[in-house]
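Right, one structure below, let's go through it.
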Amino acid sequence: MKVADFLADLARLPLRNLDAIAPGTSLVVAPHPDDESLGCGGFIAEAVRLGRPPVVVIASDGVGSHPNSRRWPADRLRDLRENEARDALSLLGLPPDRVIFLRLRDTAVPTTGPAFDAVVQTLANLCQTHDCINVLVPWRHDPHCDHEAVSLMGKALGAMCPALRVLAYPVWGLTLPQQTLIDEKPPHGSRLDISTHLAVKRAAINAHRSQRGLVIDDDPEGFVLPEALLERLLCPYECFIAS
């Protein structure tokens with residue numbers, strides 16, 4: 001089906017509360033520091049409000065955003081991006097002990113092999129330790145290799161632990177060209193009303209200052225979050241696609 005049709009179907013998914021979408025505790029897996037706020041900021045804030053804060057796992061080190069900066073070499077940039085994620089999640093109400101950084105290499109998150117299997121096992125262990133019954137990963141058509149890798153991890157985790165509920169959240173997939181053909185059927189899932197959390201979600205996204213072009217000024221080709229993406233994500237609901 002065409003992306004335009006899929007996104008239109010997403011916008012018509014039924015609105016449900018968090019208990020109906022993801023009862024219990026959730027593991028939110030973000031490919032990079034900022035995806036947790038972009039795709040699931042409202043979800044995280046609502047889960048915290050209900051007294052069941054999720055565990056948020058940031059898969060990659062995020063250093064691919066500004067590879068040409070001399071003032072911000074990889075180790076320093078990694079620390080910056082992790083601190084931004086901590087600040088963002090703090091704004092969403094998440095305790096710092098619920099944030100885990102795997103520090104996989106940005107743009108090289110594994111999709112197969114022993115390294116991939118090891119990450120899936122780590123996620124399974126986290127689910128067991130924290131009694132997570134839901135796992136949130138990016139939509140499989142998000143056009144970024146690390147998003148695709150984490151989506152595959154979610155699929156593998158669901159196969160390993162059949163009792164887990166695996167849900168997908170779109171980020172970059174919302175910006176695909178409208179006429180792009182994707183191998184999808186009409187989506188099943190839910191929308192979560194985040195209107196009461198929209199202001200704090202915006203603040204959390206803005207806490208990723210390096211990704212807003214406000215910190216690093218010596219890499220003219222460095223990444224900046226596009227306004228078109230923010231317009232699509234800063235709306236009164238978030239979408240969660242059932243596998």
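All values reported here derive from a predicted model rather than from experimental measurement.
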Closest non-hydrogen contact found for L94 with P54 is CD1-O, 3.2 Å

Note: C235 and L198 closest approach over all heavy atoms is O-CD1, 3.3 Å

Using the rule that Ile, Leu, Val, Met, Phe, Trp and Tyr join whenever any side-chain heavy atoms are under 4.5 Å apart, tell me whether L136 and L10 fall into a single cluster.
yes

Contact check, side chains of V166 and K155, non-hydrogen atoms, under 4.5 Å
no

Hits for side-chain contact (heavy atoms from CB on, under 4.5 Å) against L91, two or more places apart or cross-chain, chain-then-number order -> V200, A203, A207

Looking at every non-hydrogen atom in both residues, tell me the closest pair between P170 and L233 and how far apart they are.
O-CD2, 3.9 Å

Test item: S195 side-chain N/O and P236 main-chain N/O as donor-acceptor pair under 3.5 Å
no

Does any donor atom in the side chain of Q121 or N125 lie under 3.5 Å from an acceptor atom in the other side chain?
yes

Counting distance only, does the side-chain N/O of D218 pair as donor-acceptor with the main-chain N or O of R70 below 3.5 Å?
yes

Would the distance check show the side chain of E84 and the main-chain N or O of S210 forming a donor-acceptor pair, the cut-off being under 3.5 Å?
yes

Roughly how far, to the nearest 0.5 Å, is the NE2 atom of H208 from the CG atom of N83?
11.5 Å

Nearest non-hydrogen partners of Y169 and A30, listed with the distance
OH-CA, 3.5 Å

Look only at the side chain of E36 and the backbone of D34, and say whether a donor-acceptor pair between them is shorter than 3.5 Å.
yes

Does V63 offer a backbone N or O that forms a donor-acceptor pair with the side chain of R78 under 3.5 Å?
no

For the pair D142 (side chain) and G173 (backbone), establish whether a donor and an acceptor sit closer than 3.5 Å, ignoring hydrogens and angles.
yes

Might you confirm whether atom CZ of R76 has over 12 heavy atoms from other residues, nucleotides or ligands at distances under 6.0 Å?
yes

So which of V137, D146, L104, V109 actually passes side chain to side chain contact (heavy atoms under 4.5 Å, CB included) with P31?
D146

Electrostatic pair R52:E46 at N-O distance under 4.0 angstrom
no

Rounded to the nearest 0.5 Å, how far apart are CZ of R209 and CD1 of I216?
11.0 Å

Heavy-atom closest contact (C127 atom, L157 atom, distance)
SG-CD2, 4.3 Å

Short question: side chain of D219, backbone of N68 - any donor-acceptor pair under 3.5 Å?
yes

Is there a chain of hydrophobic side chains (I, L, V, M, F, W, Y, each step under 4.5 Å between heavy atoms) that links I58 to L77?
no

K201 to I194 - nearest heavy-atom pair and separation
CD-CD1, 3.8 Å

Hey, does the side chain of N17 reach the backbone of D19 with a donor-acceptor pair shorter than 3.5 angstrom?
yes

Can you tell if the side chain of F43 reaches within under 4.5 Å of the side chain of S26, non-hydrogen atoms only?
yes

